[in-house]
Amino acid sequence: MAEFPQGASAPTAVPPFAPRGPAAETPPPADPQGAAGRALAHLGCSELQLCSLLLAVEEGIQLWTADGRLVYGNRATFEQFPGLGEDGSWDYFRMAGLCLTEDGLPLPADRFPVARVIAGAASCLDTLVQVPRADAAPLWLRINARPLTDAAGCAASGIITSTVDVTALVEQEHRLQHQAHYDVLTALPNRLLLADRMKQALAYCQRRGEILAVCLLDLDGFKPVNDLLGHKAGDRLLQEIARRLQDAIRADDTAARLGGDEFALLLGGFKSPGQWEQALKRILDAVAVPFAVGEQAVRVSASIGVTLFPNDIGDPDQLLRHADQAMYKAKEAGKNRFHIYDPAFESRARANQGILRRIEDALDQGQFKLHYQPKVDCRRGRVVGFEALVRWDHPVLGLRAPGEFLPLIEHEDIIVRLGEWVIAEALAQLEEWSLAGFDLGISVNVSARQFLRGNFASRLGEMLERYPPALVRRLEIEIVETAALEDINAVAALIDQYQALGIGFALDDFGTGYSSLVHLKRLAAHTLKIDQTFVRDMLDDPGDLAIVQGVIGLAEAFQAQVVAEGVESIEQILMLLELGCDVMQGFAIARPLPADRVAAWLRDFRSDPRWQLAETNFPLRSDFELLLMEVAHRHWVERLRQVLARRGGVEDLPPVDYASCRLAQWYGGAGGRRFGTLPEFREIEAAHRQVHRLAETLRACVESRQDRLIAETERSLAEANEAMVGKLHNFRIALAGAEGVRR
């Protein structure tokens, strides 16, 4: 049936089954014998009246043939389904293709109401669908479909459908559902949604055989914030705590607010107790970071009760009650801690407390010692200082390394006592060395817990007052990069305060955190320490080499000193010197020394003559890509060697064809454009191709399992590779020397 704009005249004939689309201009001939025609004639409506009626309604009205072909749609239909075509071949498949289910999935054609009526349904009412829109939220429609019957109620050959826009109602329902399931203040799940999440988490962990930690967290010291600073400040604090909790847990975990200052946590996916313990300690530390209210810093802590499923079997309400009981135990034990309800883990908690008591006793009895690892400027061949490293001289077990006991206490107050002892001992050692004529500095590591607690500055000041300023200036404080970022404002203020007194600050394990250039500028540390994990693998891993070079570049840009940790070979020393890092520490230079052996080591120290090999071979920054290609090639050869060593299959081997090689691609591209005119550079290609030919032969031998040929080819490959790397290395060194002469 055609539609007409206002003011237009209508033909006298009534064409009730006229195909309708945006481009339709004239109706086809009338079908007075059709069922629709008889129905309209019975109504006695004129076409103009009917068209006006269909134009006025906001519902979409559609007429379909018995086999599901659309023969009429009013204006609202095409407003609701803007994707309908104009070619006249519309059927329910095409309209169904424009729809999504309530869950946002494509609507199957057999679930479209027209299809269900065709399949024999008397009617299909209230089917809710979404219609996506490019420039707006989806449109929600309710679709009703019935067979088209004549005046006598007999079934006719047609179907009539209506599409009602219910977007406003659905969106309102979604808003109400969100309000019913989420806390208004913090936007965290509430009790109702928590109960549903718990059922799902319990079922999931039971299927996977994993541990689920059900936790109840209550803030310590929240009431004074409300009483002294007002409810608005309390609300802001709760919102900040909610944000920290979400940041501290994984995406699959749940943090919910139960009311007031009480929160629940569902932490899953754990295979061993140590995993959830570390997660809870991380949450405790996150909550304890100071919170700024105007000009005032507010501190609260958390007491957490924990019960573990499946060790504690019960319904969600029982598990929460058990966690609540454990939470009160945590408060009674001194707050700012967690307590475990599950009896199976009570013995472990008691054992941890026993370890803490033994460490406290060891500190009281003087069982801790400091060892000192030299830091050496290898370019100039001189010792520039020492790093103080704590050791536990256990009366039965002997000397224990810090990795055996520090992780157990890093979130406990005893770490603060131990850290203060280390600083006091280092200052006393500085004084002793100064009297002996050794004017060297000492760096000490400070834990995040010690550095960020409120009285660190005053405690350090008390210790420094006992010594002259000249000696104080030889002390350097090292703080791990990740700890510095926990409260960057407090850390930056402390660094500024003590660097004014001449005390240096170093960011330890640099590169392992997430600091930005803005953070680095604000912290203004005068030393960056490259983490040993990058130094250890930089000769074989281009990514680690790039990180090392990047840290050195950052240190240069911010006018900071750079120190490489964990240096274990002469090759690493030479590489670091070439990159511009002069100061290093590690086993390749010296192991940590007891205090009584330092003087003798200093007297016997001699610069290694091999360090001077890099003195005149300092490459330009622009030549770093050449060095990177050398390391990438070494990494590829090492992967080959490792597969052969473990007798892996051909599928384990890295690609061996020349075209896929990173060095070959660089050689034929940027490298060739820059160095291609140099004869020494052209010699490298032939040697490199020979390495790949042997690698391809080796792959064929592995595939055919010819062990004797594998061994022979592997030896030939090693010889060819040594020759090729030698050419590449000599070219790089010669290039650096030539650039040095020009400079």
Side-chain angles (χ1 to χ4, degrees), residues 213 215 217-218 220-221 270 272-288 299 301-308 311 323 325-371 388-426 428 444-456 459 462-463 480 483:
C215 313
L217 181 152
D218 190 81
D220 309 319
F270 302 124
S272 65
Q275 293 175 314
W276 57 260
E277 286 181 3
Q278 292 301 317
L280 289 174
K281 289 175 181 177
R282 187 169 62 248
I283 291 168
L284 287 173
D285 287 343
V287 172
R299 291 177 180 272
S301 60
S303 296
I304 305 177
V306 188
T307 188
L308 301 173
N311 299 74
Q325 295 172 24
M327 183 268 291
Y328 280 104
K329 290 286 187 182
K331 284 190 176 293
E332 292 172 1
K335 303 179 181 179
N336 192 26
R337 65 193 65 224
F338 61 85
H339 184 82
I340 311 156
Y341 173 84
D342 196 323
F345 290 95
E346 285 289 351
S347 58
R348 179 177 176 85
R350 288 193 295 269
N352 285 344
Q353 293 299 319
I355 291 174
L356 294 179
R357 285 194 295 271
R358 287 197 294 274
I359 291 176
E360 289 178 343
D361 292 342
L363 190 55
D364 293 335
Q365 296 167 14
Q367 294 178 9
F368 287 100
K369 310 292 181 186
L370 287 186
H371 283 206
L389 301 169
V390 67
R391 300 288 188 268
W392 183 2
D393 192 4
H394 195 281
V396 177
L397 302 176
L399 204 63
R400 302 289 90 190
E404 298 181 49
F405 57 89
L406 286 184
L408 301 174
I409 63 173
E410 61 181 343
H411 296 283
E412 307 293 340
D413 288 340
I414 184 62
I415 193 74
V416 178
R417 277 193 62 199
L418 182 60
E420 292 179 353
W421 176 85
V422 169
I423 294 175
E425 189 73 9
V444 296
N445 294 278
V446 174
S447 70
R449 191 176 186 87
Q450 179 183 1
F451 196 77
L452 296 175
R453 64 181 290 164
N455 62 348
F456 173 77
R459 292 290 296 149
E462 292 172 6
M463 289 185 278
V480 176

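Position 1 is the first residue of the sequence; numbering continues from there. We use all heavy atoms of the structure for the numbers below, so side chains are in, but hydrogens, waters and symmetry mates are not.
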Could you report the tightest heavy-atom contact between Phe368 and Val390, atom names first, then the distance?
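The answer is CD2-CG2, 3.9 Å.
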Determine the minimum heavy-atom distance between Pro402 and Arg391, stating which atoms define it.
CD-NH1, 3.2 Å
Go through Phe270 and Leu308 one step at a time and tell me if the side-chain contact (heavy atoms from CB on, under 4.5 Å) criterion holds.
CA-CA 10 Å; Phe270 302 124; Leu308 301 173; over 6 Å; no
Check whether any side-chain heavy atom of [X] sits under 4.5 Å from a side-chain heavy atom of [Y], and report yes or no.
| X | Y | answer |
| --- | --- | --- |
| Ile340 | Thr307 | no |
| Phe338 | Glu277 | yes |
| Asn311 | Tyr341 | no |
| His371 | Leu399 | yes |
| Arg417 | Asp364 | yes |
| Asn445 | Leu389 | yes |
| Phe405 | Ile355 | no |

Begin from the C-alpha positions of Val446 and Phe456 and carry the test side-chain contact (heavy atoms from CB on, under 4.5 Å) through to its verdict.
CA-CA 10 Å; Val446 174; Phe456 173 77; 4.0 Å; yes
Nearest-0.5 Å distance, [atom1] of residue [X] to [atom2] of residue [Y]:
| X | Y | atom1 | atom2 | result |
| --- | --- | --- | --- | --- |
| Leu284 | Ser303 | CG | OG | 8.5 Å |
| Arg358 | His394 | CZ | NE2 | 7.0 Å |
| Leu370 | Trp421 | CG | CH2 | 4.0 Å |
| Ile304 | Arg337 | CD1 | CZ | 12.0 Å |

Expected list for residues 329-336: side-chain donor-acceptor pairs under 3.5 angstrom, two or more places apart:
| unit_1 | atom_1 | unit_2 | atom_2 | d |
| --- | --- | --- | --- | --- |
| Lys331 | NZ | Asp218 | OD2 | 3.0 |
| Lys331 | NZ | Asp220 | OD1 | 2.5 |

Which residues pass the salt bridge (charged side-chain N to carboxylate O under 4.0 Å, His left out) test with Arg282, sequence neighbours left out?
none
Note: Arg459-Glu462 ion pair, threshold 4.0 Å (strictly below):
yes
Only one of Ile423, Leu418, Val422, Ile415 forms a side chain to side chain contact (heavy atoms under 4.5 Å, CB included) with Gln450, so which one is it?
Ile423
Just do the side-chain contact (heavy atoms from CB on, under 4.5 Å) check on Trp392 and Leu406 with the steps written out, would you?
CA-CA 10 Å; Trp392 183 2; Leu406 286 184; over 6 Å; no
